[in-house]
Amino acid sequence: MKKIVLTLARLSGLFALSKHLTRNRVRILCYHGIWLGHDHFGNFLYMSASSFRRRMELLEKWGYPVIPLAAVVKNRNTRTLPGNATVITIDDGWYSSYLHMVPILREYEYPATIYLTTYYCLNQLPVIDVALQYCFHQTSQKQNAVVHLPDYDFGPLPINSAITRKIALTEALERVRTLDGEREKQVFLRSICEETGVDYDELSEGRWFHLMTPSEVNSAAASVAIELHTHRHRITHNDQDSLKEELALNAEKIQEVTGSTPVHFCYPSGRFTRSIWPTLSDEKIASATTTTIGLTDERSEIYALPRILDGQEVSELEFEAEMCGFMQLIRDTRAFFFNSHG
């Protein structure tokens, strides 16, 4: 039904009208990495290299001028920016982003921002939380699967349904937090890989879940901006606020690698509250982006900039509907009626 509605909207000229009506609102695109493994894993987390290239081609074809994030923050009156201005942001700093996205961006001469989390950049090992997600994802086709690691007092836990896999993943992440040192955590990951039929050596050597090395970050910084995403991809630790420390360490490591001072921030996993905005202000943060879907204009909170999340499973029609502003106008209309009759 959604495809039919969007197709009719495009054919009837509503997409073109929406693009005109929202021309003074900025599109901030949100990407993550490129999938390097078998088949495909992730939707908003990983795209194929060909899908990302196609998106960049469509921006050019449809006439969306790509500008730096800094230009949007500097010119809060978005009417002074090019019509339908678009910003490209990439979260985390995956090796696959460096391998595929950065060269494609250079080819199209598009400016972009990579929000880098620095712990796994400096510690070149698989990002354990995401690698664990992959392990349990890979068991989706197995019947009566169970994971059991007696040495870690973990399990036996069934993983033969979406619900049981989610429970097992939650338990695994909790167990990881009790382990001392990254090496011990990687041994645990290897054990989970063996239980779920995943080749740890292959994913590690292929750098499926690795971030860029410092030298790769330095190379990428020649054409894209490297900005803040916290050191350990968190703003709290043991239920305590750790944002200030995370930002300071993140900024220090980025400056050491790139020679530039980062001032733009992306919330890890999009989680934030207004209560932390004074910390951002104290740390001289110029902007902060979220995972809230929407377009940006002068009314947008500078520490809560919305973005358009693009993913592998987002069709070109859905992507066009977001880019032209049609979906935003629908959200605006719904919000108006909700507030009017609230």
Side-chain angles (χ1 to χ4, degrees), residues 29-53 55-56 88-108 110-135 137-138 176 182-183 185-186 189-190 192-193 198-234 249-250 253-260 262 266 268-269 309-312:
L29 286 167
C30 171
Y31 294 98
H32 288 80
I34 298 296
W35 179 236
L36 300 177
H38 306 300
D39 301 320
H40 190 83
F41 169 66
N43 175 19
F44 296 113
L45 185 57
Y46 296 112
M47 294 182 78
S48 68
S50 60
S51 293
F52 181 73
R53 175 180 289 279
R55 293 299 203 243
M56 299 304 101
I88 298 171
T89 64
I90 304 170
D91 294 4
D92 303 329
W94 297 101
Y95 163 66
S96 61
S97 299
Y98 171 77
L99 186 65
H100 293 288
M101 289 178 163
V102 171
I104 293 171
L105 290 167
R106 285 174 177 163
E107 180 181 330
Y108 281 88
Y110 287 162
T113 294
I114 293 180
Y115 294 111
L116 177 68
T117 179
T118 38
Y119 176 81
Y120 276 109
C121 169
L122 301 174
N123 296 273
Q124 280 293 303
L125 294 164
V127 177
I128 194 163
D129 290 13
V130 183
L132 285 171
Q133 291 177 37
Y134 174 72
C135 287
H137 168 81
Q138 291 303 96
V176 163
E182 192 59 43
R183 294 294 174 183
K185 293 176 182 179
Q186 291 296 320
L189 173 59
R190 182 184 287 274
I192 291 291
C193 284
V198 173
D199 189 332
Y200 175 90
D201 291 328
E202 182 181 29
L203 70 83
S204 182
E205 292 168 7
R207 299 180 67 188
W208 299 359
F209 304 108
H210 279 60
L211 299 190
M212 293 183 280
T213 65
S215 63
E216 289 164 349
V217 172
N218 181 268
S219 175
S223 57
V224 301
I226 307 297
E227 299 291 348
L228 299 159
H229 201 35
T230 72
H231 182 59
R232 289 180 176 266
H233 203 266
R234 67 191 185 195
L249 190 53
N250 196 204
K253 300 304 180 183
I254 290 174
Q255 190 163 18
E256 286 176 0
V257 172
T258 67
S260 299
C266 174
S269 304
L309 278 66
D310 196 9
Q312 181 68 16

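Note that this is a predicted model, so its numbers are computed, not measured.
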- Task: Find the distance between OG (Ser97) and CD1 (Ile34) and round it off to the nearest 0.5 Å.
- Result: 6.5 Å
- Give a yes or no on whether the backbone of Gln312 and the side-chain of Asn43 come within a donor-acceptor separation of less than 3.5 Å. yes
- Task: Work out which heavy atom in Leu45 is nearest to a heavy atom in Val130; give both atom names and the distance.
- Result: CD2-CG1, 3.6 Å
- Distance-only, no hydrogens or angles: does the Ser96 side chain make a donor-acceptor pair with backbone N or O of Gly33 under 3.5 Å? no
- Of all residues at least two apart in sequence or in a different chain, which pass the salt bridge (Lys or Arg N to Asp or Glu O under 4.0 Å) check with Arg234? Glu246
- Query: So do the side chains of Arg53 and Glu107 get within less than 4.5 Å of each other, counting heavy atoms only?
  - Reply: yes
- Using the ring of each side chain (for Trp, its six-membered ring), is Trp35 parallel, tilted or perpendicular to Phe209, with breaks at 30° and 60°? tilted
- Nearest heavy atoms of Leu309 and Phe44, plus distance in Å: O-CE2, 3.6 Å
- Query: Rounded to the nearest 0.5 Å, how far does OG1 of Thr118 lie from NE2 of His233?
  - Reply: 11.5 Å
- Item | Considering all heavy atoms, the nearest Leu189-Ala131 contact | CD2-CB, 3.8 Å
- Query: Should Thr113 and Glu227 be marked as a side-chain hydrogen bond (donor to acceptor under 3.5 Å, both in side chains) after you check the CA-CA gap, both sets of side-chain angles, and the distance that decides it?
  - Reply: CA-CA 7 Å; Thr113 294; Glu227 299 291 348; 5.7 Å; no
- Val217 vs Cys121, side-chain contact (heavy atoms from CB on, under 4.5 Å): CA-CA, chis, key distance, verdict: CA-CA 9 Å; Val217 172; Cys121 169; 3.9 Å; yes
- Over 12 non-hydrogen atoms of neighbours within 6.0 angstrom of CZ in Arg106: yes
- Hey, is the main chain of Tyr46 close enough, under 3.5 Å, to the side chain of His40 for a donor-acceptor pair? yes
- Task: Please list all pairs passing the ring-ring contact (aromatic ring centres under 6.0 Å, His included) test where one or both residues lie in residues 111-131, with sequence neighbours left out.
- Result: Tyr119-His231
- Message: Tell me whether the rings of Tyr134 and Trp208 are parallel (<30°), tilted (30 to 60°) or perpendicular (>60°).
- Response: perpendicular
- Query: Under 3.5 Å, side chain of Glu182 to main-chain N/O of Leu125, donor-acceptor pair present?
  - Reply: no
- Query: Do the side chain of Asp92 and the main chain of His32 share a donor and acceptor less than 3.5 angstrom apart?
  - Reply: no
- Message: Closer than 3.5 angstrom, by distance alone: can the side chain of Asn250 be matched with the main-chain N or O of His229 as a donor-acceptor pair?
- Response: yes
- Would you call Pro214 and Lys253 a side-chain contact if the rule is heavy atoms closer than 4.5 Å? no
- Item | Centroid separation His100 to Trp94 less than 6.0 Å | no
- Message: Under a 4.0 Å threshold between the charged nitrogen and the carboxylate oxygen, would Arg207 count as salt-bridged to Glu202?
- Response: no
- Message: As a test of understanding, state which of Val198, Leu132, Val176 forms a side chain to side chain contact (heavy atoms under 4.5 Å, CB included) with Ile192.
- Response: Leu132
- Query: Which pair of non-hydrogen atoms, one from Gly206 and one from Leu36, has the smallest distance, and what is that distance?
  - Reply: O-CD1, 3.8 Å
- Query: Between Met47 and Phe52, which heavy-atom pair has the shortest distance, and what is it?
  - Reply: CE-N, 4.0 Å
- Query: Just by modelled atom types, is the Ala220 backbone N or O under 3.5 Å from a matching donor or acceptor in the Tyr98 side chain?
  - Reply: no
- Looking at CG of Leu99 and CD1 of Ile104, how far apart are the two atoms once the value is rounded to the nearest 0.5 Å? 9.5 Å
- Item | Criterion side-chain contact (heavy atoms from CB on, under 4.5 Å) on Ile88 and Cys30, from CA distance to verdict | CA-CA 7 Å; Ile88 298 171; Cys30 171; over 6 Å; no
- Of all the heavy-atom pairs spanning Gly93 and Ile114, show the shortest one and how long it is. CA-CG2, 3.9 Å
- Quick one: list whatever passes side-chain contact (heavy atoms from CB on, under 4.5 Å) with Asp201, sequence neighbours left out. Arg190, Asp199, Glu205
- Task: Decide yes or no on side-chain contact (heavy atoms from CB on, under 4.5 Å) for Val127 and His210, but give the supporting numbers first.
- Result: CA-CA 6 Å; Val127 177; His210 279 60; over 6 Å; no
- Distance in Å, Ser223 OG paired with Leu105 CG, rounded so as to fall on 0.5 Å steps: 7.5 Å
